[in-house]
Amino acid sequence: MGIVMKSVVPLLAVGGLLGGCATPPPQTNAAAYQAYQQQNDPLKPVNKVVYQFDDKLDTYVLKPVALGYIDVTTPGIREHVTYFMRNLLAPGQLLYFMAAGKPRDAGTTLVRFLVNSTVGIGGIFDPARALGYHHVYTDLGLTLAGYGVPEGPYLYLPLFGPSDVRDAFNWPASYFMTPTFPAPPSTGLTIFSDSATTLGLVNLRARLHGTISNIKMTSLDPYATFRSLYRQHRAAQLNEINQRDVATPPAWYPAVQRKAMKHEDYDDNN
Amino acid sequence: MAAYFRRVLLGAFAVIPALALSPIAIPAVAYAAAPSATAAQGFIKQSGAKLVSIINGPGSSDQKAADLRSLVNNIVAVDQIGKFVLGRYWRVATPSQRSQYMSLFHQTLAYNITTQIRAYKGVTFTVGRVSSGPEGEMVSTVVTRQDQSPAHVQWVVETVGGEPKIVDVVVEGTSLRVTERADYSSVIDDHGGQVTALLDAMKQQLSRMQAG
């Protein structure tokens with residue numbers, strides 16, 4: 001019975017996925033076909049089901065919890081929680097930046113992690129920013145994008161929301177790359193790690209509260225709006241990483257040359 | 001002789017596209033050219049100051065909303081944005097659908113401004129650099145609201161009807177008009193390419209917003 005269930009359930013799932021593919025309009029209808037290609041959402045029927053599920057989950061669980069959290073915290077506390085979560089992700093991001101060949105961002109991330117983990121009391125404060133090391137962001141998907149991996153069809157993931165084939169493993173990957181993961185297992189660490197993840201999730205939802213309710217109120221098709229926003233946001237993140245990818249003037253260069261190599265957006269502090 | 005004449009004529013035709021591309025010819029051809037960087041920056045500075053003075057100034061919410069709507073109609077190229085948002089369906093729509101759409105688009109915008117006015121209390125902003133983008137001059141600003149971390153907002157400015165106007169707002173890398181276009185065209189696509197479906201959805205949304 002167990003074996004039957006194990007083999008049948010994935011088959012059913014695959015069948016469901018294939019059955020859930022949207023039928024493209026005929027190529028003779030050029031405009032409609034082009035629009036379909038641009039949407040790049042062949043799994044739309046399945047995605048929409050997951051979207052409905054996530055929407056219900058959000059309405060009845062995540063949103064009330066986030067509202068309660070907003071009620072008992074101040075904006076200052078929420079900001080420090082954001083700093084703390086960012087700091088937990090920093091070691092993983094350091095590896096990503098190194099793998100992507102972005103030495104400048106890798107250096108920034110390393111200094112930020114060292115300074116914020118010590119002077120910033122475990123990342124609750126962000127003193128590195130005052131030293132001129134501003135927060136930089138990357139993840140697995142953005143690193144793959146740097147290698148030229150295309151984003152692939154749009155995916156709407158259970159719990160995690162908008163994604164695409166390239167970004168599908170961002171969340172699990174970032175989980176395995178937190179500093180607590182490779183540490184020897186202990187009950188205390190598990191409790192810490194799980195509460196940190198939960199707190200981070202609630203904090204993120206609280207931060208996005210205004211934006212999400214705004215979109216749900218003003219857009220005619222929230223699903224399509226979230227899809228468009230997600231793609232634009234990813235493109236902007238990638239663009240930012242590439243724009244920042246300029247050589248750092250070495251310290252022994254003469255001042256004139258250092259000035260000439262300065263990047264006007266990112267060298268305001270050195 | 002005829003062959004020579006033909007060669008001259010063909011030569012002239014060949015030169016025409018090059019002329020149209022040359023900088024001298026552009027002011028004559030372009031109807032929505034980008035203003036100069038300083039003009040765009042000055043325009044955003046001025047408009048922003050007006051906006052902040054209305055939001056943070058005295059007066060009732062209704063008065064503020066009315067002031068804001070007239071300001072927005074002055075500084076934003078609403079018709080151009082509306083046309084962009086409808087995208088390829090603009091060509092498909094009948095003249096009556098177009099005018100109905102435009103009026104609904106203006107109304108929706110007005111309601112969005114009214115409902116969001118409270119969220120923008122205590123807003124301040126600083127104008128930063130200007131960069132030339134493919135769509136026009138992009139003026140960078142940092143908008144700060146009460147209890148919120150500062151947001152990077154870029155304003156795309158074009159010359160419309162001889163005056164600088166805002167044609168797009170880019171918040172943290174996401175363009176308002178591109179997002180709106182995705183939203184609206186999805187409604188039309190889901191209803192077999194019928195523009196009427198969008199008009200109905202917009203009407204429904206308006207009545208919902210008026211009720212709530």
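Since the structure is predicted, the reported quantities are computational estimates derived from the model, not experimental observations. Labels below follow one simple rule: chain letters A, B, ... track the order of the sequence lines, proteins then strands, and each chain is numbered from 1.
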Contact part of [X] toward chain A, heavy-atom cut-off under 4.5 Å: side chain, backbone, both or neither?
| X | result |
| --- | --- |
| B:R208 | side chain |
| B:V92 | neither |
| B:E172 | backbone |
| B:T108 | neither |

* Sort out for me which of B:T174, B:V187, B:V170 touches chain A most, counting heavy-atom pairs under 4.5 Å. =>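 Among the listed options, the one with the most contacts to chain A is B:T174.
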
* **Which portion of A:E79 sits near chain B, non-hydrogen atoms under 4.5 angstrom** => neither

* To do: Please confirm whether the backbone N or O of A:D221 pairs with a side-chain atom of B:D183, one donor and one acceptor, at under 3.5 Å?
  => yes

* Are B:D190 and A:K44 ion-paired here, with the side-chain N under 4.0 Å from a carboxylate O? ->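 Salt bridge between B:D190 and A:K44, a charged N being under 4.0 Å from a carboxylate O: yes.
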
Gap between atom [atom2] of [Y] and atom [atom1] of [X] - 0.5 Å precision:
| X | Y | atom1 | atom2 | answer |
| --- | --- | --- | --- | --- |
| B:N112 | A:N214 | CG | CG | 8.0 Å |
| A:L220 | B:Q204 | CG | CD | 9.5 Å |
| B:T179 | A:R231 | OG1 | CZ | 12.5 Å |

* Pick whichever of A:L229, A:N239, A:T74, A:T82 has the most heavy-atom pairs under 4.5 Å with chain B. => A:L229

* Can you tell which of A:G210, A:S219, A:A224, A:A235 has the highest number of heavy-atom pairs within less than 4.5 Å of chain B? ->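 Going by pairs under 4.5 Å, I would pick A:S219.
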
Does [X] have more than 12 heavy atoms from other residues, nucleotides or ligands lying within 6.0 Å of its [atom1]?
| X | atom1 | result |
| --- | --- | --- |
| A:K63 | NZ | no |
| B:W90 | CH2 | yes |
| A:F53 | CZ | no |

* **Residue pair A:A236 / B:G173: nearest heavy atoms and the distance that separates them** =>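 That closest heavy-atom pairing would be CB-CA, 3.7 Å.
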
